[in-house]
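Below, all heavy atoms of this structure are taken into account, side chains as well, without hydrogens, waters or symmetry copies. For ligands, and for the atoms within them, numbers begin at 1 and follow the listed sequence.
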Amino acid sequence: MIEVITLGESMAALRGHGPMRLGGELSLSVAGAESNVAIGLSRLGHRVSWIGRVGADQPGELISRTLRAEGVDVSGVAVDPARPTGLILFEKRVADLIRVRYYRTDSAGSRLHPDDLAGVLAGGARLLHVTGITPALGPGPRAAVLAAVDHAKAQGWTVSLDVNHRSMLWPAEAAAEVLGPLARRADVVIASPEELAIVEPEGYDDLARADRLLTAGVAEVVVKLGADGARVHHGAGVEQVESVRVPVLDTVGAGDAFSAGYLSALLDGEPTGERLRRGTVLGAFAVASDGDWEGLPTREELPLLSLEPGTTIR
Ligand SMILES: Nc1ncnc2c1ncn2[C@@H]1O[C@H](COP(=O)(O)OP(=O)(O)O)[C@@H](O)[C@H]1O
Ligand SMILES: O=C(O)C(=O)C[C@H](O)[C@H](O)COP(=O)(O)O
């Protein structure tokens with residue numbers, strides 16, 4: 001039985017090293033916030049379904065094949081013959097500074113429609129995970145997210161929202177109008193401090209903003225703090241954990257990895273402190289390896305980062 005349903009757009013991902021205008025080699029993979037989370041959860045043994053549209057092209061095949069290979073249910077993936085699969089370029093300008101460009105306007109993924117959800121939603125789940133990227137893609141994806149949340153709430157599933165504001169897709173004011181009300185319907189809201197101010201502009205600091213969301217009915221407000229770790233605000237107070245010290249190779253994907261770790265521990269019935277810890281462990285795996293999701297751990301690999309740096313296992 002599926003535990004987690006998520007929906008969004010995944011793209012063919014091209015990664016280069018150094019300034020892209022100089023040419024050189026690119027590596028081809030897959031990226032998309034929700035499919036990154038789906039892969040992270042699947043590697044930890046959870047049954048996850050990803051819903052989205054891909055084009056009738058080789059990048060679309062790559063997305064379906066990659067997710068299937070990672071054990072993610074793709075029965076809700078639709079092939080749209082009229083539109084291409086979107087593309088994302090990652091330019092590693094210097095070691096820890098990455099520039100992202102999207103080529104996703106009018107892509108197949110941006111044509112997601114509420115009707116695409118019916119089959120997978122009917123199968124049931126425990127948790128629906130959505131992000132603030134999908135509503136920015138167009139009216140169809142926005143309606144799909146709202147319909148999925150309506151369904152999840154009616155069924156009593158847990159709803160998590162990663163605010164994931166992408167300023168290249170929409171300005172903060174436009175995002176706030178849609179994501180503010182959406183956040184108030186979620187059980188778990190995951191955000192950076194800047195994103196928290198988008199969904200709750202009224203408070204004067206993180207604590208005040210989180211309190212307003214808790215009063216509105218959110219159970220857990222999780223604030224990601226990059227290399228400083230993460231914090232959760234809930235009815236019983238505030239907890240914070242440090243990040244796991246690792247050499248930084250590629251910071252993109254840390255937030256999605258964190259979400260996967262946090263939600264995995266939530267699904268396991270672990271308390272909030274352990275949810276934070278598993279989130280930071282996955283975030284550390286993500287920053288210490290190339291790619292959005294390639295370096296994420298299996299459940300057996302979770303303790304690996306507590307070994308001495310430089311350890312060889314033989
Ligand atoms: N340099 C780092 N070293 C170790 N862990 C990190 C580092 N950067 C991020 N993380 C982990 O990943 C989590 C998410 O990263 P963050 O940068 O806050 O999210 P986002 O990628 O969405 O901006 C952090 O809470 C932290 O646990
Ligand atoms: O789908 C999009 O629009 C994306 O931007 C895909 C990104 O590669 C991931 O969402 C990584 O994001 P972080 O985990 O916050 O670093």
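Considering backbone and side-chain atoms alike, E9 places every N or O at 3.5 Å or more from each N or O of ligand 2. Between K224 and ligand 2, no pair of N/O atoms sits closer than 3.5 Å. For the pair V252 and ligand 2, the shortest N or O to N or O distance does not fall below 3.5 Å. Close N/O approach between G253 and ligand 2 is found [any backbone or side-chain N/O within under 3.5 Å].
Nearest protein heavy-atom contact of atom 12 (O) of ligand 2 is R166 NH2, 3.1 Å. Here the protein heavy atom with the shortest distance to atom 1 (O) of ligand 2 is A33 N, 3.4 Å. In this structure, the protein non-hydrogen atom closest to atom 9 (C) of ligand 2 is D256 OD2, 3.1 Å. R104 NH1, 2.7 Å is the protein heavy atom nearest to atom 3 (O) of ligand 2.
In this structure, E177 places its CD atom where only 12 or fewer heavy-atom neighbours from other residues, nucleotides or ligands lie under 6.0 Å away. More than 12 non-hydrogen atoms from other residues, nucleotides or ligands lie less than 6.0 angstrom from CD of Q155.
At a 4.0 Å cut-off, not a single heavy atom of F258 sits close enough to ligand 2 to count as contact. A heavy-atom separation below 4.0 Å is not found between E34 and ligand 2.
Residues M11 and L112 fall within the same hydrophobic cluster, defined by Ile, Leu, Val, Met, Phe, Trp and Tyr side chains chained together at heavy-atom separations under 4.5 Å. Placement of V244 and F285 within a single hydrophobic cluster is found when ILVMFWY residues are connected by side-chain heavy-atom separations under 4.5 Å, directly or transitively.
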Give one line per pair: atom of ligand 1, protein atom, distance. Only N/O to N/O under 3.5 Å.
{"unit_1": "ligand 1", "atom_1": "18 (O)", "unit_2": "G226", "atom_2": "N", "d": "2.8"}
{"unit_1": "ligand 1", "atom_1": "21 (O)", "unit_2": "G255", "atom_2": "N", "d": "3.1"}
{"unit_1": "ligand 1", "atom_1": "22 (O)", "unit_2": "K224", "atom_2": "NZ", "d": "2.8"}
{"unit_1": "ligand 1", "atom_1": "25 (O)", "unit_2": "G229", "atom_2": "O", "d": "2.8"}

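With a 4.5 Å cut-off between side-chain heavy atoms of Ile, Leu, Val, Met, Phe, Trp and Tyr, the cluster of L267 takes in V4, V37, L41, V48, L127, V188, I190, V222, V232, V241, F258, Y262, L263, L266, L276. Other members of the hydrophobic cluster containing L207, listed by chain and number, are V238; membership follows side-chain contacts under 4.5 Å among ILVMFWY residues, whether direct or relayed.
Below 4.0 Å from some heavy atom of N36 lie the following atoms of ligand 2, by number and element: 9 (C). Atoms of ligand 2 lying under 4.0 Å from at least one heavy atom of M11, given by number and element, are 1 (O), 2 (C). The contact set between ligand 2 and F90, taken as ligand atoms under 4.0 Å from a residue heavy atom, comprises 8 (O). Near G255, with a cut-off below 4.0 Å to any heavy atom, the atoms of ligand 2 are 13 (P), 14 (O). The Y102 neighbourhood of ligand 2 comprises atoms 2 (C), 3 (O), 4 (C), 5 (O), with distances under 4.0 Å to a heavy atom of that residue. When each atom of ligand 2 is checked for a heavy atom of I133 under 4.0 Å away, the hits are 1 (O), 2 (C), 3 (O).
Between R93 and I98, every side-chain heavy-atom pair lies at or beyond the 4.5 Å cut-off.
Side-chain atoms of E70 and S42 form no donor-acceptor pair, as typed in the model, at a separation below 3.5 Å.
With D292, N164, V100 as candidates, the residue nearest to atom 8 (O) of ligand 2 on a non-hydrogen basis is D292.
The salt bridge (Lys or Arg N to Asp or Glu O under 4.0 Å) test with D268 is passed by exactly one of R275, R299, R126: R299.
In summary, E239 and R231 do not engage in a salt bridge, as defined by a charged side-chain N under 4.0 Å from a carboxylate O.
No part of S10 comes within 4.0 Å of ligand 2, judged by heavy-atom distances.
Residues meeting the side-chain contact (heavy atoms from CB on, under 4.5 Å) test with T298, sequence neighbours left out: E300, E301.
What you find for D292 and G32 is that their closest heavy atoms are OD2-N, 4.4 Å.
The main-chain N or O of W170 is found under 3.5 Å from a side-chain atom of H165 such that the two form a donor-acceptor pair. Here the side chain of K153 pairs no donor or acceptor atom with the backbone of A148 at under 3.5 angstrom. Remark: the backbone N or O of L296 is paired with a side-chain donor or acceptor of R43 at under 3.5 angstrom.
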